Amino acid sequence: MSATDARDTSSDTSIGKVDMKLENQIIPVSDVDRAKQFYERLGWRLDDDVAPLEGLRIVQFTPPRSGTSVTFGQGLTTAAPGSAEASLTVSDIEAAHDELASRGIGVSDIWHGPPFPVEARQPGPHPERASYGSFCSFTDPDGNTWIAQEITTRRPGREW
């Protein structure tokens with residue numbers, strides 16, 4: 001089995017029986033209010049903005065129809081602002097690109113091929129619109145990078 005083939009873990013006793021879902025990702029920002037305005041402009045749902053202690057502020061947003069949220073604020077991480085890289089899955093890369101652009105987000109052109117290295121990227125969506133094959137990207141005001149990847153059909157074992 002190649003590294004890209006999905007693993008059937010249904011009978012794998014080394015896999016725990018407890019559900020583990022990625023619920024939240026912390027991203028480092030330098031200006032909490034500027035980041036909040038950016039993620040509001042993306043159209044993401046504001047879940048929370050609290051300051052329970054002096055020196056601690058927690059702001060949480062969730063992308064549309066996502067089970068995972070992003071959190072940023074003050075006193076949450078020692079990571080350098082702009083050092084996060086994350087990905088979003090979208091059902092239609094062209095529609096996602098157009099929506100980002102319409103919201104005033106500086107989104108890259110659409111490309112296909114591997115996302116890394118940058119030199120391997122080919123312009124435009126995948127010619128056959130193959131699932132996992134088309135991308136675009138944008139950054140928040142601090143330079144945290146988001147790569148949107150079109151997925152229309154999940155590989156076996158990766159269903160939603």
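Sequence positions, counted from 1, serve as the residue numbers for this chain. Since the structure is predicted, the reported quantities are computational estimates derived from the model, not experimental observations. All values below were derived from every heavy atom in this structure, side-chain atoms included, with hydrogens, water molecules and symmetry-related copies excluded.
- Under the salt bridge (Lys or Arg N to Asp or Glu O under 4.0 Å) test applied with Arg57, the options Asp31, Asp33, Asp48 reduce to a single match, Asp33.
- Considering only heavy atoms from C-beta on, Glu150 stays 4.5 Å or farther from His112 through its side chain.
- Annotation: side chain of Phe38 is in contact with side chain of Ile105 (closest heavy-atom distance under 4.5 Å).
- The shortest side-chain heavy-atom distance between Phe138 and Leu42 falls under the 4.5 Å cut-off.
- Taking all atoms of both residues into account, the shortest heavy-atom contact from Leu46 to Lys36 is CD2-CE, 3.7 Å.
- Using cut-offs of 30° and 60° on the angle between ring planes, the pair Phe72 and Phe61 is parallel.
- For Ser91 against Thr152, the heavy-atom pair with the smallest separation is O-CG2, 3.4 Å.
- Counting Ile, Leu, Val, Met, Phe, Trp and Tyr side chains that sit under 4.5 Å apart, directly or through other members, Ile110 shares a hydrophobic cluster with Val90, Ile93.
- Closest non-hydrogen pair, Leu88 versus Trp44, comes out as CD1-CZ2, 4.0 Å.
- In this view, Ala79 and Pro28, Thr77, Ser83 satisfy the side chain to side chain contact (heavy atoms under 4.5 Å, CB included) rule, not counting sequence neighbours.
- Side chains of Glu23 and Thr71 form no contact here, defined as non-hydrogen atoms less than 4.5 Å apart.
- Evaluation of the salt bridge (charged side-chain N to carboxylate O under 4.0 Å, His left out) test over residues 105-125, restricted to residues two or more places apart or in two chains, returns none.
- Residues Val29 and Val59 have side chains not in contact (no heavy-atom distance under 4.5 Å, counting atoms from C-beta outward).
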